[in-house]
Amino acid sequence: MTGKDGLSGGLVSFPDLRNAKGAVVICPGGGYSMLSEREAEPVAAAFSSAGWQPFVLRYPVKEESRSTPLSKEPLTALSDAVSKLREEGFSPVAVCGFSAGGHLAASLGVHWRDFDRADNAGLPSCRPDALILSYPVISMGDHCHRGSMENLTGGDPALKEYFSLEDQAGPDTAPAFLWHTADDRDVPVENSLLFFSALRKAGVKAELHIFPRGEHGLSLATPEVDQPEKNRLSDPHVAAWFSLALGWLDEVLTDRRKQER
């Protein structure tokens, strides 16, 4: 699968599908300092094979030479991307994020109203129809991934509060599918647990899967994304997250269609 810069704002499109179920914007991880290729094109290929039109977002990351935190720049890029896809006629639009990219996806699911253009000249909403969050960074508190927190907020208390998503989720947060491994040493599983709990309290549809073993950054957990030097090895049990997420997407969209009737 060969990507092409088909849309503005760092959104990389892939060969068009006929009768696609909808669009999926993929946000690779990388601690807000880089973008993991293992969580980009291979994931796009998997969604394409499942009938979804994939797009990879090359969102802003913090270069070593940069002294200021990213703040809301990545979130602005993602909100623009979702609105752009709706302008192009895609519906529904889901966002799938990994690690720091999961934080970005969840941030839009929580804070979409701050970036929404739907009330401005009839432009389409940037609210995702669904979130797929793979071992996501969620908290900027005790369980934070320090690199992501520093790159995004620079330690600024107001930004840390804004991006501690377990404290910001509410009834209008987008529905979410989450998965994590229990022994993740880089982004503790508490991140997913906290967000799932917040969604449940807010009455937001959510599904959570915790796998007992696996290093952080497994991506699809298939042989094509193996990274032996970091002990990121394929695992058929963990790889089931993708088919589970697809089934959950179908269920969420069926519920949405019923509500629209």
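- Sorted by first and then second residue, the salt bridge (Lys or Arg N to Asp or Glu O under 4.0 Å) pairs with a member in residues 26-37 read E37-R58; sequence neighbours excluded.
- The side-chain contact (heavy atoms from CB on, under 4.5 Å) test applied to S83 returns R117, C126, not counting sequence neighbours.
- Applying the side-chain contact (heavy atoms from CB on, under 4.5 Å) test to S67 and every residue at least two apart in sequence or in another chain returns nothing.
- Legend: salt bridge (Lys or Arg N to Asp or Glu O under 4.0 Å) pairs involving residues 89-107, not counting sequence neighbours: none detected.
- Remark: E161 pairs with Q168 by the side-chain contact (heavy atoms from CB on, under 4.5 Å) rule, at least two apart or across chains.
- The salt bridge (charged side-chain N to carboxylate O under 4.0 Å, His left out) search around R38 returns none, not counting sequence neighbours.
- Applying the salt bridge (Lys or Arg N to Asp or Glu O under 4.0 Å) test to residues at least two apart or on different chains, none of the pairs has a partner in residues 45-55.
- When the salt bridge (charged side-chain N to carboxylate O under 4.0 Å, His left out) test is applied to D80, no partner is found at least two apart in sequence or on another chain.
- For the salt bridge (charged side-chain N to carboxylate O under 4.0 Å, His left out) test, residues two or more places apart in sequence or in another chain that qualify with E215 are R185.
- Residue pairs meeting the side chain to side chain donor-acceptor pair (under 3.5 Å) criterion with at least one member in residues 232-250, sequence neighbours excluded, are Q227-R232.
- With sequence neighbours excluded, the residues forming a side-chain contact (heavy atoms from CB on, under 4.5 Å) with R66 are K62, T68, L70, E73, listed by chain and number.
- Partners of D172 by salt bridge (charged side-chain N to carboxylate O under 4.0 Å, His left out), not counting sequence neighbours, listed by chain and number: R113.
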